[in-house]
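So you know, we letter chains A, B, ... as the sequences are listed, proteins then strands, and number each from 1. Small disclaimer: the values here were computed from a predicted structure and weren't measured. Both backbone and side-chain heavy atoms feed into the values below; hydrogens, waters and symmetry mates do not.
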Amino acid sequence: MNVLIYIESENNAPKKSSLEAVAYGAAIAKGQVVAVAPSDADTTELGKYGVDKVLQFTVSGKLEATQVASIVAQAAQAQSAEVVIFAKSILNDLAAPMVGVHLGASVASNVIEMPDFSKGFVVKRGVFSGKAYTEVALNNAIKVLSIKKNAVAMTEKGKTAVIESFSPSVAASTITIKETTQKTGDILLTDADIVVSGGRGLKGPEHWGMIEELAKTLNAATGCSKPVSDMDWRPHHEHVGQTGIKVSPNLYIAVGISGAIQHLAGVSSSKTIVVINKDADAPFFKAADYGIVGDAFDIIPKFTEALKNTL
Amino acid sequence: MKILICISHVPDTNAKIPFKDGKPDLAGLTFVIAPYDDFALARAVELRDQTAGKLTVLCVGKADTEPTIRKALAIGADDAIRVDAEPTDAFFVATQIAEIAKQNQYDMILMGRESSDYNGGQVHGMVAAMLGLPCIVPCMKLDLNGNVATMYREIEGGKEVVELPTPFVAGCQEPIAEWKIPNMRGIMTAKTKPLKVVSPVATAISTQVASYEVPAARSNCKMIDAANVGQLVELLKNEAKVI
Ligand SMILES: Cc1cc2nc3c(=O)[nH]c(=O)nc-3n(C[C@H](O)[C@H](O)[C@H](O)COP(=O)(O)OP(=O)(O)OC[C@H]3O[C@@H](n4cnc5c(N)ncnc54)[C@H](O)[C@@H]3O)c2cc1C
Ligand SMILES: Nc1ncnc2c1ncn2[C@@H]1O[C@H](COP(=O)(O)O)[C@@H](O)[C@H]1O
């Protein structure tokens with residue numbers, strides 16, 4: 001069984017989430033592990049996590065989902081791949097179902113664990129906005145998965161990938177990009193191992209300095225609750241929850257967030273959850289591993305200080 | 001403009017999902033238009049008004065979805081189509097939507113960013129691939145100038161302004177429009193607006209739910225004294241091993 005992984009690059013390197021997708025692919029492959037990657041993605045890291053062969057293509061400008069889907073479908077056909085893996089991202093989440101249609105494949109998104117082969121090809125994914133999981137059997141010969149962060153342990157395979165150039169035919173898109181505003185240099189929410197989020201309990205945007213300071217200390221991304229982004233205290237793309245970004249970091253720290261069911265929907269697959277809230281009855285404590293009841297304005301600076309002394 | 005809005009009929013998002021015999025037991029729950037679909041519907045109504053067009057609402061579901069479809073009619077859709085079938089998976093639903101779209105040639109097919117039951121975020125991408133149309137997800141703003149649409153879409157860590165001509169598919173999310181609440185007149189006229197029930201086209205079964213699992217509750221929250229934040233650092237480092 002050959003596996004194909006689509007690689008996204010950032011600053012000329014494969015994104016960390018793409019390396020997780022490689023590790024996932026390497027763990028299930030019984031044949032070749034092939035990566036299809038833009039030519040600017042350094043390939044050493046790919047071999048390290050288990051890629052046998054890299055199909056390198058040259059891009060001019062940004063790819064639309066339809067174009068990614070066409071590149072990946074052509075690569076999958078050329079390599080007789082039976083499993084195609086994407087790391088969850090906004091673009092990949094859209095490209096994956098398109099690839100599914102092109103290849104006549106079964107598609108599963110939000111996959112959180114390794115497949116269970118004892119029952120065929122069964123994957124676990126979140127449903128009802130994180131309130132439950134389901135095991136889904138993928139019936140078609142080809143399977144397309146988009147995997148969530150932390151779905152697999154990163155094991156080094158120490159391979160050296162063979163590089164082949166690949167020239168798929170890609171149709172132009174009718175979508176014209178007029179303007180892009182993107183914060184660069186920040187850790188992306190979905191990529192981050194640690195996320196620090198603030199809620200309405202922080203009273204106003206002027207108090208986010210201490211959240212950013214804490215995040216910086218932990219090398220974390222910053223998030224927020226929905227009302228916070230609705231009131232424009234923070235940008236929309238930081239809003240975590242059912243109607244926002246769903247995260248699954250190793251550590252999620254919630255400050256001044258009550259823990260409404262819609263917020264929890266976006267964080268419930270985090271490994272460890274810390275809640276800081278002045279109300280001992282805040283529902284979030286029931287969904288947390290560690291909690292402090294107290295005033296964030298008092299606790300956060302002290303917490304940051306204590307971390308600085310330890311890390 | 002001929003606009004198609006696809007809605008899913010889902011349990012109210014405030015509800016806890018009860019499980020019985022290893023399956024979600026949805027019988028006692030209130031059902032609603034999925035939140036993202038509701039945003040898309042609200043914008044679709046505004047664009048229909050602006051272009052003096054026609055707005056059709058489509059739902060793949062059994063007869064129990066009709067109150068939800070009527071609600072979309074009350075909010076402002078002109079007519080409705082129900083594909084009479086259990087929406088077993090995204091591929092099945094997308095096949096049905098694509099079939100209806102081929103018959104009717106819509107200028108715009110609007111959906112939510114994702115449903116809130118099976119949350120695949122897949123139907124729009126599949127429909128776009130089946131019809132060979134461009135697709136924008138998540139679309140946070142959508143304005144029309146003739147047949148050219150200007151949209152804001154969210155990208156990782158930011159947003160992008162894009163332009164494209166109709167026809168297209170878009171998966172929408174807030175703040176594309178404010179949710180609309182049906183008024184009395186809407187509710188009255190909705191009762192007589194056409195709701196056509198059609199049979200599904202046959203497809204192979206692509207995915208099947210094998211079982212469900214309710215996430216284990218976090219065992220017990222360990223409380224740390226506010227005066228002793230050092231202990232939290234210590235626990236995160238040596239017990240949880242996450243820093
Ligand atoms: C369909 C739908 C979808 C939704 N989607 C989302 C979503 O995706 N994400 C989301 O977040 N919400 C979502 N919501 C909103 C959600 O229901 C809650 O309203 C929201 O999460 C509350 O945000 P909050 O916790 O920041 O504010 P609040 O509920 O107001 O809580 C503030 C908390 O801060 C605490 N606090 C106050 N002062 C301090 C202090 N000095 N120190 C420490 N703690 C303090 C308070 O005790 C309180 O618990 C959705 C709602 C609906 C209906
Ligand atoms: N049964 C359905 N009938 C009509 N539209 C649907 C149905 N299920 C999903 N959709 C649409 O497809 C979008 C994406 O759904 P999903 O792929 O299930 O997350 C939803 O936001 C709806 O707009």
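Heavy-atom distances place the side chain of B/M140, and not its backbone, under 4.5 Å from chain A. B/D89 does not touch chain A: none of its heavy atoms, backbone or side chain, sits under 4.5 Å away. For A/K88, no part lies under 4.5 angstrom from a heavy atom of chain B. For A/K246, the part sitting under 4.5 Å from any heavy atom of chain B is the side chain, from C-beta outward, and nothing else. For B/Y212, the parts sitting under 4.5 Å from any heavy atom of chain A are the backbone and the side chain alike. Of the atoms belonging to B/A15, it is backbone heavy atoms, and not side-chain ones, that fall under 4.5 Å from chain A. Proximity to chain A is limited to the side chain of B/F19, based on heavy atoms less than 4.5 angstrom apart. Of the atoms belonging to A/D295, not a single heavy atom falls under 4.5 Å from chain B.
Here the side chains of B/E154 and A/H236 are in contact, with some heavy-atom distance below 4.5 Å. Under the 4.5 Å side-chain criterion, counting only non-hydrogen atoms from C-beta, B/Q173 is not in contact with A/T243. Residues B/E163 and A/I177 are not in side-chain contact: their nearest non-hydrogen atoms beyond the backbone lie 4.5 Å or more apart. A/D230 places a side-chain heavy atom less than 4.5 Å from the side chain of B/E174. Put simply, the side chain of A/F128 reaches to within 4.5 Å of the side chain of B/P11, judged on heavy atoms.
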Practice problem: Take A/D93 and B/Q122 through the side chain to side chain donor-acceptor pair (under 3.5 Å) test and state the conclusion after the steps. | Solution: CA-CA 8 Å; A/D93 284 351; B/Q122 295 186 351; over 6 Å; no
Practice problem: Kindly indicate, with the supporting measurements, whether the criterion salt bridge (Lys or Arg N to Asp or Glu O under 4.0 Å) is fulfilled by A/K62 and B/E160. | Solution: CA-CA 12 Å; A/K62 237 169 124 166; B/E160 225 159 48; 2.3 Å; yes
Exercise. Go through A/E179 and B/R153 one step at a time and tell me if the salt bridge (Lys or Arg N to Asp or Glu O under 4.0 Å) criterion holds.
Key: CA-CA 11 Å; A/E179 195 183 312; B/R153 71 171 162 198; over 6 Å; no
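Applying the ring-ring contact (aromatic ring centres under 6.0 Å, His included) test to A/H102 and every residue at least two apart in sequence or in another chain returns nothing.
B/M223 pairs in a side chain to side chain contact (heavy atoms under 4.5 Å, CB included) with only one of the listed residues (A/V275, A/I292, A/V293), which is A/V293.
A/M98 approaches B/C135 most closely through the heavy-atom pair CE-CB, 3.8 Å. Counting all heavy atoms, side chain and backbone alike, B/E156 lies closest to A/L91 at OE2-N, 4.4 Å. Pairing each heavy atom of B/I205 with each of A/N139, the nearest pair is O-ND2, 3.2 Å. Minimum heavy-atom separation, B/S206 to A/A105: OG-O, 3.9 Å. Taking every heavy atom of both residues into account, B/G120 and A/S109 meet most closely at O-OG, 2.8 Å.
Note that NZ of A/K143 and OG1 of B/T207 are 11.5 Å apart. Values are rounded to the nearest 0.5 Å.
Taking 4.5 Å as the heavy-atom cut-off, the residues of residues 231-243 of chain B that approach chain A are B/L232, B/V233, B/L235, B/L236, B/K237, B/E239, B/A240, B/V242, B/I243, ordered by number.
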